[in-house]
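Okay, structure first, notes after.
This structure is a prediction, so every number in the text was calculated from the model and none was measured. Start at 1 with the first residue, then count along the sequence.
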Amino acid sequence: MCGIVGYIGPQNAAPIILDGLKRLEYRGYDSAGLAVIQDSQIALRRNVGKLDNLIKMVEEDPVSGNIGIGHTRWATHGEPSQRNAHPHISMNGDVVVVHNGIVENFLELRSELSSEGVVFQSETDTEVIVHLIERYMSTQDDLTEATRRAVRHLHGSQAVVVMSVREPDRLVAVRIGNAGGVAIGLGEDENFIASDIPAILEHTRHMVFLESRQMATVTADGYMIQTLDGAPVLSRLVTIPWNPMSAELGEYKHFMQKEIFEQGRALTDTLRGRIDFETGEVTLPDLKLTPDEAIRINKIITTACGTSAYSALVGKFLFEELARIPVEVDYASEFRYRNPVIDENTTILAITQSGETVDTLAAIEEAQEKGAKVWSIVNAIGSQAMRVADGYITMQAGPEIGVASTKAFTTSLADQFLLALYLGQLRGTVSPAESRTHAQNLARLPDLVGSVLENAAQYEALAAELSNYENFLYLGRGINYPIALEGALKLKEISYIHAEGYPAGEMKHGPIALISEEMPVLAIALRDHVYEKMLSQIEQAKARGGVVIAVATEGDDMIAQKVDHVLYVPEVPYLLSPIVSVIPLQLLAYYIAVRRGADVDKPRNLAKSVTVE
């Protein structure tokens, strides 16, 4: 959940590292620090709180050197404080380390090192790593070998970057398990290390990625990747297609606002080249799927976390309707703690924006061990979930900086629609005529989303009326039930208002007891086959004094007479309606959070990529 940036080359490392950390703020953190080799010594700067506190510290007490590492920390062991902030330095001052992940056996290692005379300066698990490396460098090991020997002691998933004044011409990076990514960015006579692509995208789009149990020695003019056993690794160079400017705010106040308004473009990019809008034929070559394999699939288990899990619930409707394949949706954090029924005809679909979410990666590993085929839907090009899967679909959303996912949610819905239609075509459950109709509907989708975004001023005005409430109930039915869950999640994530999403039919089985004038109800009531059922739920809420806000289809004047506020969306085919109906909920959550003065892009206690359990 933390951010790592490293640099080696002819430039002053500190500004590059600080800029890279700034671009990783969305990952979540509570302290930050950097270390630079300056005049043959490690110059260390660390501070608690916002990154601006560290930037100010460096401005007041500058550091200068051509090699350095930096880190933003999300506390796991030890409270957020200056002494617990990374980087951590060895007792002799020769070695410094930054780290993502959890050292599960750190108490045992701490006791062992203390018995050897090590005096710990922090409460963190990370500090054991730097003292282990110092131990092995004292036996004449070079930095690479000392790091290799040190990390063999560690239990759990780790991403580690190491620097030493004894070898000031190199950085060493290690990845073990799923504690987040390690990208090596390749430049001209300079190289970079980062835990996520946006940190170094301004400097290079050419990257290689470490797999689990690999380590890299990086110099200004090259790199070498090995396994932890010392075997050489031939790495694959990846060119990232994102434009660095897509990670800039531009005219917008927040990244979340920018990303909400980018959804029309993101959907266009997601559909482009994957469907023939005349014939309806879908092409997904990265899945590497044959018609015979598609026919043999007897079950899909979709595994994901958070917003991606709600996307998966929508996908269940799509796969079952279009491909006639039964679908289970599993929280990735629970998947590996039971014994799922999987065989060679089961397909696991993992959905993850970052491609580095530890629970989802663990679910992938569990599924592959049981012999299942694994597909992933990811946004981060070159991420672990993309690399280890048997096939993948990229969301094409572009960098998503805001912690609360928006455009990655809608593009993952579009990807699942394409996948469901593709499977239906291969399995013969969707006719050519039906395919053409679906393609025509998809072609209209970006414009439908754009038309909702044109009414943003309405949401800003409504937010002024709703921002003082402390509880909300979101209701939906059918394919829009998961959108009620997602809308409630968005509100609670960024405004800190308690919100619950429910299938509308369940309201009378408990939640109705909560409804009063103090708890607004937001109902997704589009004109579809469950419309009359939704009107019944609205009537029941109004009869109990509830304030009701409805997301409704344009032209539905009747619903305006039954509710307090209406948020209209254009008429849209049922299977595509979630992509449109979620936009008002994103906008409303955003403007309510802004009205309440919340930090929209970096909500408290949250991180973009969850790399620890």
Side-chain angles (χ1 to χ4, degrees), residues 1 178 299-320 325-338 340 342 346-367 372 374-380 383-386 389 392-393 395 397 400 402-417 419-420 474 476 478-494 499-503 506 524 578-579 581-582 585-586 589 603 606-613:
M1 296 173 78
N178 302 318
K299 181 172 64 174
I300 293 173
I301 301 177
T302 308
T303 185
C305 300
T307 285
S308 293
Y310 298 150
S311 170
L313 288 173
V314 175
K316 176 181 172 69
F317 285 83
L318 301 175
F319 294 122
E320 293 186 347
I325 300 173
V327 177
E328 297 176 12
V329 177
D330 252 307
Y331 282 112
S333 56
E334 295 294 330
F335 180 82
R336 62 175 168 150
Y337 294 112
R338 62 183 184 86
I342 292 173
T346 303
T347 296
I348 306 300
L349 175 62
I351 304 176
T352 162
Q353 187 280 141
S354 69
E356 302 291 350
T357 298
V358 64
D359 293 315
T360 306
L361 292 175
I364 290 174
E365 185 177 357
E366 175 80 7
V374 175
W375 298 332
S376 62
I377 294 178
V378 298
N379 190 39
S383 61
Q384 180 84 342
M386 176 178 164
Y392 62 86
I393 304 172
M395 296 178 192
E400 189 176 67
V403 167
S405 182
T406 52
K407 62 179 179 174
F409 178 75
T410 49
T411 53
S412 70
L413 294 181
D415 282 328
Q416 287 179 92
F417 192 100
L419 177 54
Y474 284 65
I479 201 168
N480 280 295
Y481 146 57
I483 300 306
L485 299 177
E486 170 62 11
L489 178 63
K490 282 294 153 285
L491 188 66
K492 71 181 79 173
E493 279 182 315
I494 62 171
E500 294 294 335
Y502 272 90
E506 289 296 300
I524 304 169
I579 298 175
S581 66
V582 76
L585 309 190
Q586 295 173 346
L606 295 180
K608 188 66 174 173
S609 179
V610 180
T611 57
V612 295
E613 283 199 82

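Note that the CD1 atom of Ile479 and the CD1 atom of Ile524 stand 11.5 Å from one another [nearest 0.5 Å]. Rounded to the nearest 0.5 Å, atoms OG1 (Thr411) and CD1 (Ile377) are 9.5 Å apart. To the nearest 0.5 Å, atom CD1 of residue Ile483 and atom CG of residue Leu585 are 7.5 Å apart. Note: Ile494 CD1 to Thr406 OG1 = 9.5 Å, rounded to the nearest 0.5 Å. Taking CD1 of Ile300 as the reference point, atom CD1 of Ile325 lies at 4.0 Å (rounded to 0.5 Å). With rounding to the nearest 0.5 angstrom, the CD atom of Glu328 is 9.0 Å from the CZ atom of Phe335.
Considering all non-hydrogen atoms of both residues, Tyr502 and Ala484 come closest at O-CB, 4.1 Å. Nearest heavy-atom pair across Asn480 and Ser581 is OD1-OG, 2.6 Å. Nearest heavy-atom pair, Ala499 versus Tyr474, reported as atom, atom and distance to 0.1 Å: CB-CE1, 4.1 Å. When all heavy atoms of Pro578 and Val314 are compared, the closest pair comes out as CG-CG1, 3.8 Å. Taking all atoms of both residues into account, the shortest heavy-atom contact from Ser405 to Phe409 is OG-N, 3.6 Å. Summarising the geometry of Ala367 relative to Ile342, their closest heavy-atom pair is CA-CD1, 4.5 Å, with the distance given to 0.1 Å.
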Residues Ile301, Thr346; criterion side-chain contact (heavy atoms from CB on, under 4.5 Å); working and verdict: CA-CA 7 Å; Ile301 301 177; Thr346 303; 4.1 Å; yes
Intermediate values then yes/no, side-chain contact (heavy atoms from CB on, under 4.5 Å), Gln586 and Val582: CA-CA 6 Å; Gln586 295 173 346; Val582 76; 3.9 Å; yes
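Residues meeting the side chain to side chain donor-acceptor pair (under 3.5 Å) test with Glu366, sequence neighbours left out: none. For Thr307, the side chain to side chain donor-acceptor pair (under 3.5 Å) partners two or more places apart in sequence, or in a different chain, are Glu486, Lys490. In this structure Thr347 satisfies the side chain to side chain donor-acceptor pair (under 3.5 Å) test with no other residue, sequence neighbours excluded. Among residues two or more places apart in sequence or in another chain, the salt bridge (charged side-chain N to carboxylate O under 4.0 Å, His left out) test is passed with Lys492 by none. For Pro503, the side-chain contact (heavy atoms from CB on, under 4.5 Å) partners are Tyr481, Glu506, not counting sequence neighbours. Residues passing the salt bridge (charged side-chain N to carboxylate O under 4.0 Å, His left out) test with Glu334: none are found, sequence neighbours excluded. In this structure, the side-chain contact (heavy atoms from CB on, under 4.5 Å) partners of Ala332, at least two apart in sequence or on a different chain, are Thr303, Cys305, Asp359, Thr360, Ala363. Scored by the side chain to side chain donor-acceptor pair (under 3.5 Å) test, Thr302 finds no partners at all (sequence neighbours excluded). Contacts of Ser383 classified as side-chain contact (heavy atoms from CB on, under 4.5 Å), with partners at least two apart in sequence or in another chain: Glu356, Val378, Ala380, Met386.
The backbone N or O of Ala408 sits less than 3.5 Å from a side-chain atom of Ser412, completing a donor-acceptor pair. With hydrogens and angles disregarded, no donor-acceptor distance shorter than 3.5 Å links the side chain of Gln353 to the backbone of Ser308. Between the side chain of Thr410 and the backbone N or O of Ile579, no donor-acceptor pair lies under 3.5 Å.
Between Ile393 and Trp375 there is no side-chain heavy-atom pair separated by less than 4.5 Å.
The closest side-chain donor-acceptor pair between Ser311 and Gln416 falls under 3.5 angstrom.
Only one option out of Lys316, Lys299, Arg338 pairs with Asp330 in a salt bridge (charged side-chain N to carboxylate O under 4.0 Å, His left out); it is Arg338.
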